[in-house]
Amino acid sequence: MSLRRPLAFLRDLPVRSLPRQRYSTLSEDVRSHSFRIPIIDFSAFRANAALSEKRRVADDIVNGFKEAGFVYLSGHGIPGDVIDNVYKKSAAFFGLPQEIKDQVAWDDPRANRGYVKVGRERVTQSSDAAEIATLRAKAPDVKESMEIGRDWDPLWKNKWPKEADSPEFKQTMLQFFQTCHELHVAVMRSVALGLDLHESFFDRKIDEQYHNLRLLSYPSIRTKLLSQEGQARAGAHSDYGTITLLFQDSVGGLEVQNPHTQHFQPAAPIPGTIVVNAGDLLARWSNDVLRSTLHRVVAPPAQKISDTECLTPKRQSVAFFCNPNFDAVIEALPTCVGAANPSKYGSVTTEQYIVGRLAATYN
């Protein structure tokens with residue numbers, strides 16, 4: 001499927017002018033039920049425009065993370081045919097026989113690499129291993145995934161399917177990993193500017209590429225199974241790192257929690273954009289100035305297959321979880337603390353935080 005349709009139609013939608021009407025701000029929308037995720041054109045920042053223009057884009061991104069924790073990023077520079085090819089190779093991998101996928105199974109939270117079969121993971125905000133195990137047994141996440149890390153790691157190796165089983169899979173994913181890392185660096189430079197730091201502040205703290213490229217496949221499922229108590233395609237959770245780059249197909253199902261009303265609202269796919277959200281470690285770095293917002297994946301509209309049953313369609317997505325260097329010490333940034341806003345968290349390294357969360361999440 002193509003994600004290359006232009007965004008011009010969004011700009012060209014007619015807006016009826018009403019006398020003396022005051023349009024709401026993003027902050028006001030977030031605090032009401034008309035929650036919206038802003039669409040931000042990143043092209044000017046990528047093009048190294050004048051500092052004033054880059055600062056405008058940076059302020060938009062930081063304000064989006066402050067209020068909603070999420071933004072839609074257009075003008076991100078990743079060609080649509082590149083994204084389409086990643087979807088194609090991902091679908092081919094998940095279509096392999098189960099015994100072949102099981103040969104590259106995930107087995108260690110420190111490595112966080114390999115194939116995760118349906119029902120093995122239960123994402124949640126809980127950090128209690130026993131509570132998560134109970135949730136997993138009662139209502140596991142209805143999805144399978146493939147986890148890919150940096151390929152040159154001296155200790156933890158990626159688990160690749162054989163080339164004969166999945167042609168060009170490794171090459172495609174390694175190229176995409178690097179492409180996403182480069183966008184991560186650019187977005188973090190905009191975050192630095194928006195937080196009144198030097199643009200390169202984060203560069204040496206994220207250059208070792210301890211990221212996770214996650215391919216996700218949500219199989220079609222009878223809708224009544226997803227309506228059971230606590231059941232979802234992916235439970236409510238926040239992400240662990242700095243930011244996440246999410247590539248959605250057209251099926252949808254992502255929902256984001258309005259941090260003020262606590263209601264979950266759809267984050268529908270918008271062609272040509274990437275969904276970008278702030279993660280836990282960026283929130284900690286910013287002393288919660290930026291939000292790591294809860295989100296989940298629920299069933300999209302179902303297809304009726306009989307008088308009594310409906311089928312929820314399959315869904316694909318690709319998430320690039322961006323992380324600081326594993327030895328980076330995460331503590332409140334100097335521009336995010338003061339007498340009225342003291343530091344809320346103790347220091348923690350990236351490795352301590354992420355490995356601890358992952359160990360509790362998986363079976």
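This one's a predicted model, so the numbers in the text were calculated from it and none came from an experiment. In this chain, residues are counted from 1 in sequence order.
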Within one Ile-Leu-Val-Met-Phe-Trp-Tyr cluster: Trp285 and Val337, side-chain cutoff 4.5 Å
no
Contact between Val86 and Met173 at the side-chain level, heavy atoms closer than 4.5 Å - yes or no?
yes
Ring pair (Phe, Tyr, Trp, His ring centres under 6.0 Å): pairs with one or both residues in residues 56-77, sequence neighbours excluded
Phe70-His295
Hey, are Asp165 and Lys162 close enough for a salt bridge, meaning a charged N less than 4.0 Å from a carboxylate O?
no
Residues forming a side-chain hydrogen bond (donor to acceptor under 3.5 Å, both in side chains) with Lys170, sequence neighbours excluded
none
Under the 4.5 Å side-chain heavy-atom rule for ILVMFWY, direct or indirect, which residues accompany Trp156?
Leu155
Identify whether the distance between the nearest side-chain nitrogen and carboxylate oxygen of Asp59 and Arg56 falls below 4.0 Å.
no
Between Val275 and Val256, is any pair of side-chain heavy atoms under 4.5 Å apart?
no
side-chain hydrogen bond (donor to acceptor under 3.5 Å, both in side chains) against Ser317, all qualifying residues, sequence neighbours excluded:
none
Are the side chains of Leu245 and Ile243 in touch, meaning some heavy atoms are under 4.5 Å apart?
yes
Lys157, NZ: over 12 other non-hydrogen atoms inside 6.0 angstrom
yes
Closest non-hydrogen atom pair, Ala44 against Val57
CB-CG2, 4.3 Å
Phe320 and Leu246, any side-chain heavy atoms less than 4.5 Å apart:
no
Quick one: does NZ or CZ of Lys117 land under 6.0 Å from the six-membered ring centre of Tyr115, within 45 degrees of the ring axis?
no
Indicate yes or no for a side-chain donor-acceptor contact from Asn287 to the backbone of Lys344 under 3.5 Å, with no hydrogens or angles considered.
yes
Salt bridge flag under 4.0 Å for residues Arg113 and Glu147
no
Between Pro334 and Leu197 the two heavy atoms that sit nearest each other are CG-CD2, 4.3 Å
Strictly distance-based, threshold 3.5 Å: is any side-chain N or O of Tyr218 a donor or acceptor partner for the main-chain N or O of Val297?
no
Might you work through the side chain to side chain contact (heavy atoms under 4.5 Å, CB included) test for Tyr240 and Leu281, ending with a clear yes or no?
CA-CA 6 Å; Tyr240 306 153; Leu281 290 180; 5.8 Å; no
How close do Thr350 and Asn325 get, counting heavy atoms only, and between which atoms?
OG1-O, 3.0 Å
Can you name the closest pair of heavy atoms from Leu193 and Lys54 and give their distance?
CD1-CB, 4.3 Å
Treating Thr273 as the side-chain partner and Ile270 as the backbone partner, does any N or O pair qualify as donor plus acceptor under 3.5 Å?
yes
Would you check if the side chain of Thr335 reaches a backbone N or O of Leu195 as a donor-acceptor pair within less than 3.5 Å?
yes
Test side-chain hydrogen bond (donor to acceptor under 3.5 Å, both in side chains) applied to Asp280 and Ser292, step by step
CA-CA 5 Å; Asp280 294 349; Ser292 181; 2.6 Å; yes
Can you give each donor-acceptor pair under 3.5 Å made by side-chain atoms of residues 175-186, sequence neighbours left out, with the distance rounded to 0.1 Å?
| residue | atom | partner | partner atom | Å |
| --- | --- | --- | --- | --- |
| Thr179 | OG1 | Gln175 | O | 3.1 |
| His181 | ND1 | His211 | NE2 | 2.9 |
| His184 | NE2 | Thr242 | OG1 | 3.0 |

Any heavy-atom pair between the side chains of Asp249 and Pro269 that's under 4.5 Å?
no
How would you list, by chain and number, every residue that makes a ring-ring contact (aromatic ring centres under 6.0 Å, His included) with Tyr210, sequence neighbours excluded?
Phe326
Val62 vs Glu67 side-chain heavy atoms within contact, under 4.5 Å:
no
For the side chain of Arg315 and the backbone of Gln248, is there at least one donor-acceptor N/O pair under 3.5 Å apart?
no
Interatomic spacing from CD1 in Ile330 to CG in Asn323 - rounded to 0.5 Å
9.5 Å
Quick check for you: to the nearest 0.5 Å, what is the distance between Ile40 atom CD1 and Ile274 atom CD1?
12.5 Å
Residues which pass side-chain hydrogen bond (donor to acceptor under 3.5 Å, both in side chains) with Gln257, listed by chain and number, not counting sequence neighbours:
none
In chain order, what residues pass the ring-ring contact (aromatic ring centres under 6.0 Å, His included) check against Tyr345, with sequence neighbours excluded?
none
Rounded to the nearest 0.5 Å, what separates atom OG in Ser238 from atom CZ in Arg291?
13.0 Å
Heavy-atom nearest pair, Phe94 first then Met146, reads CZ-N, 3.8 Å
Given Lys159 and Asp107, is the side chain to side chain contact (heavy atoms under 4.5 Å, CB included) satisfied, shown in steps?
CA-CA 10 Å; Lys159 298 190 173 190; Asp107 58 11; 2.7 Å; yes
Counting distance only, does the side-chain N/O of Asn158 pair as donor-acceptor with the main-chain N or O of Trp160 below 3.5 Å?
no
Does the distance from a Lys or Arg side-chain N to an Asp or Glu carboxylate O, for Lys66 and Asp288, drop under 4.0 Å?
no
Phe169 side chain reached by Leu215 side chain, heavy atoms, under 4.5 Å
yes
Keeping the roles fixed (side chain from Asn258, backbone from Phe35), state whether a donor-acceptor pair exists under 3.5 Å.
no
Between atom CG of Leu174 and atom CD1 of Ile148, what is the distance when rounded to the nearest 0.5 Å?
7.5 Å
Pairs satisfying salt bridge (charged side-chain N to carboxylate O under 4.0 Å, His left out), at least one member in residues 86-103, at least two apart:
Lys89-Glu168, Lys101-Glu144
Those residues at least two apart in sequence (or on a different chain) that pass salt bridge (charged side-chain N to carboxylate O under 4.0 Å, His left out) with Arg110 are Asp108
Exam field: side chain Gln262 to backbone Pro259, donor-acceptor pair closer than 3.5 Å:
yes
Return the OG to CZ distance between Ser343 and Arg284, rounded to the nearest 0.5 Å.
9.0 Å
Cluster overlap Phe202 with Leu51, hydrophobic side-chain contacts below 4.5 Å:
yes
Decide whether Val82 and Phe93 are clustered together by the hydrophobic rule: side chain heavy atoms of Ile, Leu, Val, Met, Phe, Trp, Tyr closer than 4.5 Å, transitively.
yes
Tell me whether Arg296 contacts the main-chain N or O of Glu255 through its side chain, where contact means a donor paired with an acceptor under 3.5 Å.
no
dist Met188:CE -> Ser200:OG (nearest 0.5 Å) comes out at 12.0 Å
Mark yes or no for whether Ser190, through its side chain, and Val187, through its backbone, hold a donor-acceptor pair below 3.5 Å.
yes
Does Cys336 reach the side chain of Ser286, with side-chain heavy atoms less than 4.5 Å apart?
yes
State which residues pass side-chain hydrogen bond (donor to acceptor under 3.5 Å, both in side chains) with Thr349; sequence neighbours excluded, sorted by chain then number.
Gln352
Taking ring-ring contact (aromatic ring centres under 6.0 Å, His included) as the definition, give me every residue that meets it alongside Phe321, ordered by chain and number, with sequence neighbours left out.
none
If you compare all heavy atoms of Pro219 against all heavy atoms of Val118, which two are closest, and at what distance to 0.1 Å?
CG-CG2, 4.3 Å
